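Okay, so here's the structure we're looking at.
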Amino acid sequence: MVHRIQPRAGSRSKARLGLLATTAFVSAVALTTSAPAQDDEAQYLVYVANEYNADVSVIDPRTNEVVQTIAISGRPGDVRPRGMAVSPDGHTIYIAVSDFNPEFETPEDKIVGIDVETNEIVLELNAGGNPERVALTPDGTEIWASLEALARGAGYYVETGEQFANFVVGVEAEGVAVSPDGRWVYVTAEATHTVSVYDRETESVLTHLLVGNRPRVVEFSPDGAFAYVTAEIGGTISVIDVSTHTVVQTVNLGLDSRPVEIAVDPTQPRIFVAGGGTSAVYVVDVENYEVDTVIREQMGRRPWGITITGDGSLVYTANGLSDSVSVIDTDCLCVIDNIVAGRGPHSAQIGVVPQ
Amino acid sequence: MLGTTLKRFVRWQILAGVVALGSAVPALAQFGPDGDVRIGIILPSVADDAPNWQRELAEQVEHGAILGAEEHAFNAELLGIEFDVLFERASGPEAAVAAAQRLADSGVLGVAGGYSLEEAAALGAWAENAGLPFLNIGTQSDALRNDQCFATTFHIEASAGMYLDSLAGWYVRDGFRRWYIVRSDSAEGEDLYERLQWSLENRHFGVREVGQAVLTDGVTAEDLINGWEDSGADLLVLLLDPQEQLDVMAGLEAGGYTGQVAGYPYAATQTREYFLALRDLAPSIPHFRAALWEPTIDTSGGIEFNLRHRNRWDGETMDGPAWAGFHAVKILFDSASFSRSVDPTTIIEYMRSPTSVFDLHKLLGASFRPWNQQLRQPLYLVSIDPDETSVFRLGLLVGQLPALYLSGTDPVERLDQIGDLAGDSTCNI
């Protein structure tokens, strides 16, 4: 353990708000978590999906300790919570849960919603086909999921759980993201090396485009102009111009970089990339498309998931092989703490505690 | 010639039944090679009365290649690429070359096959002359990677040297240091024996060869047991062909042998069918087998990949030969799509490039070694469960070499720890 810190006040909130003002939908997560921390009450909580424990660890960032563990399934190992998303107001955490035992009679492929205020499961919708990751529309009314076993993307109404969209994507669908203006849903496919572009306006797939080898995760820039796609085997980040849906830049992190999840800094033009198998986090300047820093010291093993606070001050990584969460200070770009989590942390998200 | 383009009868059973791409045809297709991506696969031709292990090998290659064809037909349709996989069946070098020529006449950009040294060498020579890439998916012989190498041959199957180095690594690490080595009475048996000796002399110094035998006519399992006991060996190494291994294992069981045995992992010995036969013939002997792939691998998309194969083929596991068949299609398709070309010369250049990596579901991006065009990849050690009734769970993954789960080192350095390296190769491409 390095040392413990309190979440910092939102010193960068002005710059961040300037960025967000250009988008059609403003993320309440960013607004809320940038507020100064109170001594007596957590402003936000960090949620970690533990793939092999079938549960979710809840971390209080004031103490960097797990304060609660939420069971997702009674069949750990077979049923795996993986990708996560957060509602625009930050009050609900969504988790994609995949059932890996195809012989089981009542498969638990589902999307689960956890209320940040109570840490209770408040939503459980059936999403057959091994949902791997999820994303929310900017208005928070729709969940979009990648269905890995079916090579499909799908949309669900949050309120009713009804699946209202289902479309073809590549094999081993994984990453999913909704553009900040709500128009586009991007879905990656690991085995096909593609990103599929779904148009919510026309309710159809616009195109499938080739990116790097084994694309994992896609995230949009705060202004929605670009999308960033990690390619685990290729060791690259493809930068897609959203206005044309074409790859305009490829950032090479190296063949052994194994990039997976991305956290987009809301305050600066940079992204934090979890370097899965390399036990590193890559800080990439997305103005110049260069690797700025590689954080290795004190990093947990196999950081797969990564998330950033709304004020951009802290980054949390879900470390699958060391069963831990690393905390990175984005000023020093160094690890300042490591927190014991459950078995096989896959993803992390920040939930905003209603005040 | 099987003749039919597989595309006509593709059944994408995994993906919710039917490929329904109506709404998914690329409206802004930004990519498409110049022309059809057409791939040729030569499957083994097996006689009706061939032993089970031989027929299983043929079926595995066929099923893996068909799954590869179906998945990439799906991928091609997403990307707006015209795609076909053409299949031929052949046995022996002349028939294989004739089949390859028919495929070339049909416009394939590359051919995969080769299930013996003679067959693979003939196809390698033919492909070099034709200017097409040939992907060897069934022959392990080191000769093909050295004196008999060809400029346009790429080896997906691991080399004998890679398997032998891995076996040495595993057994030495586990404390087996006194080896009694039995080899076939054949040129291939001699080659394997010499390569294993090289490995012990140059890489795995902890082992002593304490005895050896050649399986000539008249040599019995009892002779081998006596030789093993007299030498004080702790490991019996069988550099024997698949049928010889089964026969010897049955004899060892009958003779009361219960020590460790390391059998050379020919492709045909890597199937669940073969594992079952071994276990049934020699239930008292512990079984560990080396393999190109293991159906219970669950990393880097392996769990989903294995599951797709089992779903497609009614529960049949994806064993090493099926993995090789699948990846022959994948490597040629990916080479075409990433190089944006169907020109065989461009495809060959792409495959040779040190910056080209292929996703094999083996955790790291793999490339071909420039000195002999052998695919860099890890191999697996599998323990056969003596009591398991499920065919899927019959094998338990217990080892991987090189060990890729160690992070933070260069992947090429990690993978270049087994097989003939640049300084040892006599291949002159």
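By convention in this document, chain letters (A, B, ...) are assigned in the order of the sequence lines, proteins followed by strands, and residues within each chain are numbered from 1. All values below were derived from every heavy atom in this structure, side-chain atoms included, with hydrogens, water molecules and symmetry-related copies excluded. Everything numeric here is computed off the predicted structure, so don't read it as measured data.
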Taking side chain as everything from C-beta outward and backbone as N, CA, C, O, which of these in A:V260 sits under 4.5 Å from a heavy atom of chain B? Side chain, backbone, both or neither.
neither
Bottom line for A:T194: the part with an atom under 4.5 Å from chain B's heavy atoms is side chain
Assess whether a salt bridge exists between B:E70 and B:R312, defined as any Lys/Arg side-chain N lying under 4.0 Å from an Asp/Glu carboxylate O.
yes
Could you check whether B:R393 pairs with B:D385 (Lys NZ or Arg NE/NH1/NH2 to Asp/Glu carboxylate O, under 4.0 Å)?
no
Where does B:L364 contact chain A at under 4.5 Å (heavy atoms): side chain, backbone, both or neither?
both
Relative to chain A, which segment of B:F333 carries a heavy atom at a distance below 4.5 Å: side chain, backbone, both, or neither?
neither
Side chains of B:H361 and A:R214, donor plus acceptor under 3.5 Å
yes
Closer than 3.5 angstrom, by distance alone: can the side chain of A:E190 be matched with the main-chain N or O of A:P215 as a donor-acceptor pair?
no
